[in-house]
Amino acid sequence: MNNHDLLLHSILDAYRTIIKYNTITDEVEIIKDDLDKIHPDSLNSEVYIQAILESGIIYEDDRQKFHQLNNAMIRTRCSKSDSGLLLSYRYYDNGSPVWAKLYLMIPSSYSESDPYVILCTRNTPAKESMLQECDQLVSGLIHKTLKANLTTNRFCIIKEPPFESHLKRNQKNEEFLSEHIFSHEELVHPDDAAAFEQHLNHAYIRNYFRKGNTDFTFYYRRLVYGLYRWVKLIILPASDYSVDNEVFYYYVIDIHKEMLNVLDINAASNYAYYYGNNKHKFAEGYYENLLQILELFTHSYIDFYAIDLERDLFTNYKISKNPLKHTIPYVGSYTQSTADFLQTHFSKEQIEQLLPYSTSEKLRDLLKDRLTLSYSFRYPTGQLVTTTCVKMEAKNGIPTQLLCFTSPCEEEKKIKIQTFGNFEVMHADGTPIKFSRKYSRQLLAYLVDKNGFPVTNKDIVIDILEKDPNDLKAVKYVSTLIRRLIDDLAKEGYDNIIIKEQRTIRLDTAAVDCDYYHFLDGEAMYWSKYHNEYMKEYSWAEETNAELLHITDK
């Protein structure tokens with residue numbers, strides 16, 4: 001065997017897979033695969049990658065990386081003569097995940113007329129595999145890592161999530177992206193944008209660390225695959241940090257699950273007992289008190305806010321489940337906002353009932369000699385709720401800070417709706433609910449899918465009946481379906497679910513217990529219940545299912 005043959009065999013032995021890739025036609029020719037079998041047939045790279053993913057050999061958490069292996073990315077690397085490691089990933093070997101690396105090799109003859117490159121994979125050595133495992137643990141925690149120098153106003157990206165790829169530039173070092181870009185791109189939740197810009201202002205951070213602080217933490221919601229998730233931003237100074245060399249590391253950590261556990265406020269029926277036995281824990285101030293109390297509540301809520309009685313201000317922390325969420329401000333004057341809210345949404349009788357709780361002055365009097373205050377009322381949507389106010393801080397016996405939360409009254413049972421898999425409608429105890437017509441049941445499913453968005457009769461004609469929206473007979477039939485659906489639900493005790501507004505109808509999402517809505521709220525238990533199927537019996541639900549697959553990277 002001559003030296004040339006020895007060289008070829010050494011390459012064959014060193015790599016698990018060797019592929020000849022055409023960057024013009026996007027065709028691949030498999031020279032060697034995992035089983036040392038030669039495949040002379042050419043095929044499209046997209047088809048090949050899809051076949052690899054469908055085979056199940058790639059570790060679940062690393063499959064998303066293979067979607068990045070497109071022709072445009074490889075051609076960009078080739079144009080820069082950037083051969084080397086493309087990605088690290090894990091594959092299954094005898095049932096166990098093994099780390100491997102994918103390399104790009106660009107021949108010296110590479111050109112438009114000879115557009116062939118070599119892609120090959122090899123197993124990662126044991127020591128490197130251990131480092132990969134450590135990196136994977138850290139990467140699972142950290143969304144994004146930046147190294148920034150505020151002195152030179154430049155930064156480099158150490159790790160960036162794929163959903164921010166449209167902001168990524170070619171240079172490794174570039175001018176630091178100003179904080180307002182992220183909020184204007186709507187990567188930051190609108191309710192957090194102002195605070196985000198204020199706290200990530202370079203002057204603010206510079207002054208913060210010049211005061212001797214050793215770390216900086218900020219919480220906000222950022223867009224992740226179409227959903228806003230809670231994250232924690234941590235900024236740490238580098239080991240060589242100085243006033244003349246202001247180098248920092250920015251870490252963005254996903255804390256959505258933990259934050260929801262904290263913010264999932266529930267009714268405080270046991271709060272007074274707890275407070276009486278743990279007064280010593282509430283001496284450090286309002287926010288420390290708040291975090292401890294939030295973990296104690298046990299019943300569901302739809303609204304939660306804090307009132308500063310001295311400044312007559314309130315801040316909403318959680319109103320995602322409130323049917324009136326679009327009309328409740330995030331932060332504002334308590335007295336004026338409450339007055340506007342009552343005048344706009346409630347009857348004269350309701351206003352008179354709620355007046356004792358509508359001003360800071362009246363609440364100070366009511367809570368002067370008591371710890372909690374609860375009152376019940378009915379929303380304009382028909383939902384019966386109870387609001388409870390808890391005294392958090394006081395001066396000379398006069399309350400200065402209140403914690404308030406609104407929850408559905410316990411006697412109000414919500415209808416239970418299942419969308420993952422087949423569509424099912426049940427009472428709270430799991431007993432199925434019957435409908436007089438098949439289309440009535442489908443109409444309810446359609447309204448659930450619209451997530452509270454109003455629809456017209458013509459929308460229903462098009463999507464459910466699949467007929468011409470100008471077909472007057474079909475439009476009239478839909479009116480009958482709507483009446484039958486409302487009647488069917490009323491007979492079962494749910495007369496407040498369907499809301500008719502002028503010429504549209506919609507679902508009151510706060511009046512139902514639905515797995516799809518829990519999923520959209522980021523509740524981990526419902527994410528695990530989704531197995532790639534959503535109302536599979538209805539063709540119009542396929543679009544939503546595609547969105548769910550995208551969100552979960554499936």
Distance-only side-chain donor-acceptor flag, Thr335 / Thr359, under 3.5 Å: no
Any Leu236 side-chain heavy atom under 4.5 Å of Tyr251 side chain: yes
Between Tyr220 and Phe218, ring centroids under 6.0 Å: yes
Intermediate values then yes/no, side chain to side chain contact (heavy atoms under 4.5 Å, CB included), Ile505 and Ile499: CA-CA 6 Å; Ile505 63 167; Ile499 299 174; over 6 Å; no
Atom NZ of Lys476 with >12 non-hydrogen neighbours under 6.0 angstrom: no
Where Leu309 and Pro399 come nearest, the two heavy atoms and their spacing: CD1-O, 3.4 Å
Salt bridge Arg210-Glu246, side-chain N to carboxylate O under 4.0 Å: yes
Phe209 and Leu150: CA distance, side-chain angles, deciding distance, side chain to side chain contact (heavy atoms under 4.5 Å, CB included) verdict: CA-CA 12 Å; Phe209 282 100; Leu150 299 190; over 6 Å; no
No-hydrogen, no-angle side-chain donor-acceptor test under 3.5 Å, Asp471 and Tyr477: no
N/O donor-acceptor pair under 3.5 Å between Asn207 side chain and Ala203 backbone: yes
Ile417 CD1 to Asp515 CG distance, which is reported to the nearest 0.5 Å: 9.0 Å
Note, Leu548 side chain near Tyr530 side chain (heavy atom, < 4.5 Å): yes
Separation of Asn422 CG from Glu537 CD (nearest 0.5 Å): 4.5 Å
Main-chain N/O of Lys473 paired with Lys467 side-chain donor or acceptor, under 3.5 Å: no
Plane angle bin for Phe377 and Tyr375 - parallel if under 30°, tilted between 30 and 60°, otherwise perpendicular: parallel
Test item: His345 side-chain N/O and Phe341 main-chain N/O as donor-acceptor pair under 3.5 Å: yes
Over 12 non-hydrogen atoms of neighbours within 6.0 angstrom of CZ in Phe453: no
Test side chain to side chain contact (heavy atoms under 4.5 Å, CB included) applied to Ile433 and Lys491, Glu424, Lys416, His427, the passing residue: His427
Nearest heavy atoms of Val461 and Pro469, plus distance in Å: CG1-CA, 4.0 Å
Min side-chain heavy-atom separation Thr419-Cys514 under 4.5 Å: yes
Within the 6.0 Å centroid threshold, strictly below: Tyr516 and Tyr526: no
CA sep, side-chain torsions, deciding dist, call: Tyr494, Ile486, side chain to side chain contact (heavy atoms under 4.5 Å, CB included): CA-CA 9 Å; Tyr494 305 103; Ile486 293 174; over 6 Å; no
Lys/Arg N to Asp/Glu carboxylate O, Arg311 vs Asp308, below 4.0 Å: yes
Close side-chain approach of Val512 to Lys414, heavy-atom, < 4.5 Å: no
Close side-chain approach of Thr509 and Val448, heavy atoms under 4.5 Å: no
CH2 on Trp540 to CD on Glu466, rounded to 0.5 Å: 11.5 Å
Residue among Val478, Leu481, Leu485 satisfying side chain to side chain contact (heavy atoms under 4.5 Å, CB included) with Tyr439: Leu481
Test side-chain hydrogen bond (donor to acceptor under 3.5 Å, both in side chains) applied to Ser374 and Thr386, step by step: CA-CA 7 Å; Ser374 296; Thr386 296; over 6 Å; no
From Arg378 atom CZ to Ser347 atom OG, the distance as rounded to the nearest 0.5 Å: 11.5 Å
Over all atoms of both residues, closest heavy-atom pair of Leu507 and Leu447: CB-O, 3.9 Å
Atom pair CZ (Arg206) and NE2 (His202), whose distance is rounded to the nearest 0.5 Å: 8.0 Å
Min side-chain heavy-atom separation Tyr534-Asp449 under 4.5 Å: yes
Closest non-hydrogen atom pair, Trp527 against Phe519: NE1-O, 2.8 Å
Any Tyr204 side-chain heavy atom under 4.5 Å of Phe216 side chain: yes
Aromatic ring proximity, centroids under 6.0 angstrom, Tyr538 and Tyr446: no
Any donor-acceptor N or O pair under 3.5 Å, side chains Asp340, Ser337: no
Nearest non-hydrogen partners of Ser440 and Arg484, listed with the distance: OG-CB, 3.8 Å
Ser358 and Thr338: CA distance, side-chain angles, deciding distance, side-chain hydrogen bond (donor to acceptor under 3.5 Å, both in side chains) verdict: CA-CA 6 Å; Ser358 62; Thr338 304; over 6 Å; no
Within-4.5 Å side-chain heavy-atom neighbours: Asn457 and Thr504: no
Nearest-0.5 Å distance that lies between atom CG in Leu342 and atom OG1 in Thr344: 8.5 Å
Test side chain to side chain contact (heavy atoms under 4.5 Å, CB included) applied to Gln401 and Ile307, step by step: CA-CA 6 Å; Gln401 299 276 6; Ile307 303 177; over 6 Å; no
Over all atoms of both residues, closest heavy-atom pair of Pro356 and Leu366: O-CD1, 3.2 Å
Short N-O contact, Glu533 and Lys536, less than 4.0 angstrom: yes
Side-chain donor or acceptor of Asp459 paired with backbone N/O of Thr456 under 3.5 Å: yes
